[in-house]
Amino acid sequence: QLADKDVDAKLDESHLPALMLNDGVDATWPRLRDLVAEMKRDEAKLEKPLTKFGRTLKLFMVLVNLARDHFMAAGVIRLFYVVTGYAQPLALYLILKRFGRDDAVGWASVGMLFFGPVLNAVLDSMQMYVQRRVATRCRGALMVLIYDKGTRLDLSAGGGRVGDVV
């Protein structure tokens with residue numbers, strides 16, 4: 001068996017699936033840094049400072065811009081998911097309307113009756129995967145921002161407790 005140090009030495013970023021490499025800090029941090037700097041520039045142009053809610057909303061927009069491609073993909077997949085949810089009732093309606101006829105529309109309806117739910121399940125799984133990637137990217141970005149702020153705080157300069165610094 002391998003010792004723990006041998007296992008740790010052999011595991012690195014190359015062992016991740018190829019699609020997840022773009023969600024790491026090395027890929028996300030430069031874009032996040034640019035978006036936060038842009039947010040600060042926009043905030044400096046304002047005549048009066050933002051409220052706490054306004055800053056929270058701005059941070060949310062930074063996270064949306066950070067994962068924009070995944071948000072768009074999840075939205076398109078969700079649209080197709082909703083549309084395929086109506087495949088079974090539509091197929092049943094067509095089958096009942098065309099009862100007694102042997103034509104291509106009737107057979108396509110029978111196929112849609114069975115393949116509609118399968119396609120619906122596949123799209124649901126795809127959407128869950130993309131949403132998980134969005135959540136991973138946003139969570140990582142927030143962790144980096146919190147860590148970055150923690151490195152800039154000087155707890156010895158203040159007279160309060162740690163919870164009061166935030």
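Just so it is clear, the model here is predicted, and its values are computed rather than measured.
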In this structure, are over 12 heavy atoms from other groups packed under 6.0 Å from F80 atom CZ?
-> no
With sequence neighbours left out, what residues match R33 under side-chain contact (heavy atoms from CB on, under 4.5 Å)?
-> W29, P30
Residues in salt bridge (charged side-chain N to carboxylate O under 4.0 Å, His left out) contact with R55, at least two apart in sequence or another chain | E43
Could you identify which residues cluster with V83, counting Ile, Leu, Val, Met, Phe, Trp and Tyr as linked when any side-chain heavy atoms lie under 4.5 Å apart, either directly or through a chain of such contacts?
-> none
Going only through I, L, V, M, F, W and Y residues with side-chain contacts under 4.5 Å, is there a path from V105 to V110?
-> no
Indicate the atoms forming the closest heavy-atom contact of V118 with F114, along with that distance.
-> CG2-O, 3.6 Å
Separation of R137 CZ from R31 CZ (nearest 0.5 Å) = 9.5 Å
Not counting sequence neighbours, which residues clear side chain to side chain donor-acceptor pair (under 3.5 Å) with S109? List them please.
-> none
For A74, which residues count as a side-chain contact (heavy atoms from CB on, under 4.5 Å) partner, sequence neighbours excluded?
-> V130, Q131
Under a single-linkage definition using a 4.5 Å side-chain heavy-atom cutoff for Ile, Leu, Val, Met, Phe, Trp and Tyr, are F71 and L79 assigned to the same hydrophobic cluster?
-> no
Considering only distance and modelled atom types, tabulate donor-acceptor pairs under 3.5 Å from the side chains of residues 57-67, sequence neighbours left out.
unit_1: N65; atom_1: ND2; unit_2: M61; atom_2: O; d: 3.4

In residues 120-128, what donor-acceptor pairs under 3.5 Å come from side-chain atoms, sequence neighbours left out?
unit_1: N120; atom_1: ND2; unit_2: Y81; atom_2: O; d: 3.0
unit_1: N120; atom_1: ND2; unit_2: T84; atom_2: OG1; d: 3.1
unit_1: S125; atom_1: OG; unit_2: A121; atom_2: O; d: 3.2
unit_1: Q127; atom_1: OE1; unit_2: R78; atom_2: NH1; d: 3.3

Connected hydrophobic set around Y93, excluding itself, where side chains approach under 4.5 Å = L90, L94, M112
